[in-house]
Novice: 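Just passing along the structure, written as structure tokens.
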Amino acid sequence: MRKHKPVFRILIVEDDPERADILQSWLPEGTRAVVVTSAGKAMGLLTRDRGNVYAGILLDHDLQQQTAASSDHYLSGEQVAEAIIRYVAKDVPILVHSVNVQRAPVMVSKLEASGFWVTRIPMDDLQKESLVEWLEDAREIWADREEI
């Protein structure tokens, strides 16, 4: 029986449609993006898709532009980071692209303290080349995981 090869899937947590479009346009062929536009949606998805579903996660902090429920107005990337810590395998790399200079480092610290490999590149500084480089590292980790 042939083993089904898992899809190289990246979770993008971003509420700004323009930014989400840019990030998706930079993804190389063979990379499937799953985009969630609010913290509540991200938390629900992570609760459902536990473990090694995603090869990497792109995470924003301020997620109030496209809230799905009134409770989303009080949620941010920090609660998403807590869900990542709780439900995602520690070998899934995270790229924090938030431009929030005060809260993004808090997310990075929490994730790193829990054993995640975290890269911080604010969206204003993120370029296609640096995203592709990060994705290459994520793909290597993904490939190593699949060999196990």
Side-chain angles (χ1 to χ4, degrees), residues 4-69 71-72 74-100 103-146 148:
H4 175 68
K5 186 175 180 183
V7 176
F8 185 73
R9 187 177 288 124
I10 300 296
L11 176 62
I12 300 174
V13 183
E14 175 58 67
D15 65 332
D16 182 317
E18 187 176 315
R19 282 185 179 177
D21 288 346
I22 290 168
L23 292 169
Q24 288 180 87
S25 75
W26 289 350
L27 296 178
E29 193 173 316
T31 304
R32 180 179 294 163
V34 175
V35 180
V36 289
T37 57
S38 73
K41 287 179 185 175
M43 292 164 61
L45 189 67
L46 291 168
T47 302
R48 188 188 79 216
D49 292 344
R50 296 172 185 233
N52 289 317
V53 173
Y54 301 101
I57 299 173
L58 302 177
L59 179 60
D60 191 16
H61 180 274
D62 302 323
L63 297 165
Q64 285 76 32
Q65 277 191 39
Q66 294 190 55
T67 56
S71 59
D72 274 352
Y74 304 103
L75 300 175
S76 68
E78 287 181 61
Q79 286 79 31
V80 177
E82 290 168 12
I84 290 169
I85 291 165
R86 197 170 305 120
Y87 301 118
V88 175
K90 301 288 187 238
D91 64 345
V92 175
I94 317 244
L95 191 153
V96 174
H97 64 276
S98 173
V99 296
N100 187 318
R103 301 315 301 169
V106 172
M107 289 191 317
V108 170
S109 294
K110 281 183 182 180
L111 289 161
E112 287 178 338
S114 293
F116 285 91
W117 171 53
V118 184
T119 303
R120 169 112 199 291
I121 308 174
M123 190 67 188
D124 295 342
D125 299 328
L126 189 61
Q127 300 291 319
K128 179 178 182 176
E129 294 76 22
S130 50
L131 178 61
V132 169
E133 186 177 309
W134 179 83
L135 284 166
E136 287 171 2
D137 291 338
R139 193 175 291 279
E140 282 182 29
I141 294 167
W142 181 256
D144 289 347
R145 184 186 314 144
E146 293 310 308
I148 296 173

Novice: Does CD belonging to E112 count more than 12 external heavy atoms closer than 6.0 Å?
Specialist: yes

Novice: Rounded at 0.5 Å granularity, tell me how far CH2 in W134 sits from CG in L58.
Specialist: 5.0 Å

Novice: Measuring from atom CD1 of I94 to atom CZ of R120, what distance do you get when rounded to the nearest 0.5 angstrom?
Specialist: 14.0 Å

Novice: Mind telling me whether W142 and F8 have parallel, tilted or perpendicular rings, with 30° and 60° as the class edges?
Specialist: perpendicular

Novice: Does some side-chain heavy atom of V53 sit less than 4.5 Å from a side-chain heavy atom of V34?
Specialist: no

Novice: Is there side-chain contact between Y87 and D49, with heavy atoms separated by less than 4.5 Å?
Specialist: no

Novice: To the nearest 0.5 angstrom, please state how far the CG atom of L95 sits from the CD1 atom of I121.
Specialist: 5.0 Å

Novice: Closest heavy-atom contact between P122 and V99?
Specialist: CB-CG1, 4.2 Å

Novice: Return the minimal non-hydrogen interatomic distance between V35 and A20, and the atom names on each side.
Specialist: CG1-CB, 4.2 Å

Novice: Do you know the tightest heavy-atom contact between H61 and S98?
Specialist: CB-OG, 3.2 Å

Novice: For residues L111 and A81, report the shortest heavy-atom separation together with the two atoms involved.
Specialist: CD2-O, 3.8 Å

Novice: Heavy-atom distance under 4.5 Å between the side chains of E78 and V106, does that happen here?
Specialist: yes

Novice: Side-chain contact test, heavy atoms from C-beta onward, threshold under 4.5 Å: evaluate it for V88 versus R50 and give yes or no.
Specialist: no

Novice: One pair to check against side-chain contact (heavy atoms from CB on, under 4.5 Å): L23 and M123. What are the steps and the verdict?
Specialist: CA-CA 9 Å; L23 292 169; M123 190 67 188; 3.9 Å; yes

Novice: Could you tell me which residues satisfy side-chain contact (heavy atoms from CB on, under 4.5 Å) with D91, sequence neighbours excluded, listed by chain and number?
Specialist: N52, A89, I141, R145

Novice: Between CD1 of I10 and CG of L131, what distance do you get to the nearest 0.5 Å?
Specialist: 8.0 Å

Novice: Less than 4.5 Å apart, side chain to side chain, heavy atoms only: is that true for N100 and M107?
Specialist: no

Novice: Minimum heavy-atom separation for P93 to A55, with atom names?
Specialist: CD-O, 3.1 Å

Novice: When you compare the side chain of I12 with that of R19, does any pair of heavy atoms fall below 4.5 Å?
Specialist: no

Novice: Flag the pair Y54 / L45 as yes when at least one side-chain heavy-atom distance between them is below 4.5 Å, and no otherwise.
Specialist: yes

Novice: Output the distance between atom CZ (R139) and atom CG (D144), rounded to the nearest 0.5 Å.
Specialist: 13.0 Å

Novice: For V13 and V36, run side-chain contact (heavy atoms from CB on, under 4.5 Å): C-alpha distance rounded to whole Å, both residues' side-chain angles, the deciding distance at 0.1 Å, then the answer.
Specialist: CA-CA 5 Å; V13 183; V36 289; 3.8 Å; yes

Novice: Check L126 against W26 and note the closest heavy-atom contact, atom names and distance.
Specialist: O-CH2, 3.3 Å

Novice: List the steps, then state whether side-chain contact (heavy atoms from CB on, under 4.5 Å) holds for V80 with M43.
Specialist: CA-CA 6 Å; V80 177; M43 292 164 61; 4.2 Å; yes

Novice: When you compare the side chain of K90 with that of I85, does any pair of heavy atoms fall below 4.5 Å?
Specialist: yes

Novice: Hey, could you give me the CG/CD1 distance between L11 and I84, rounded to the nearest 0.5 Å?
Specialist: 7.0 Å

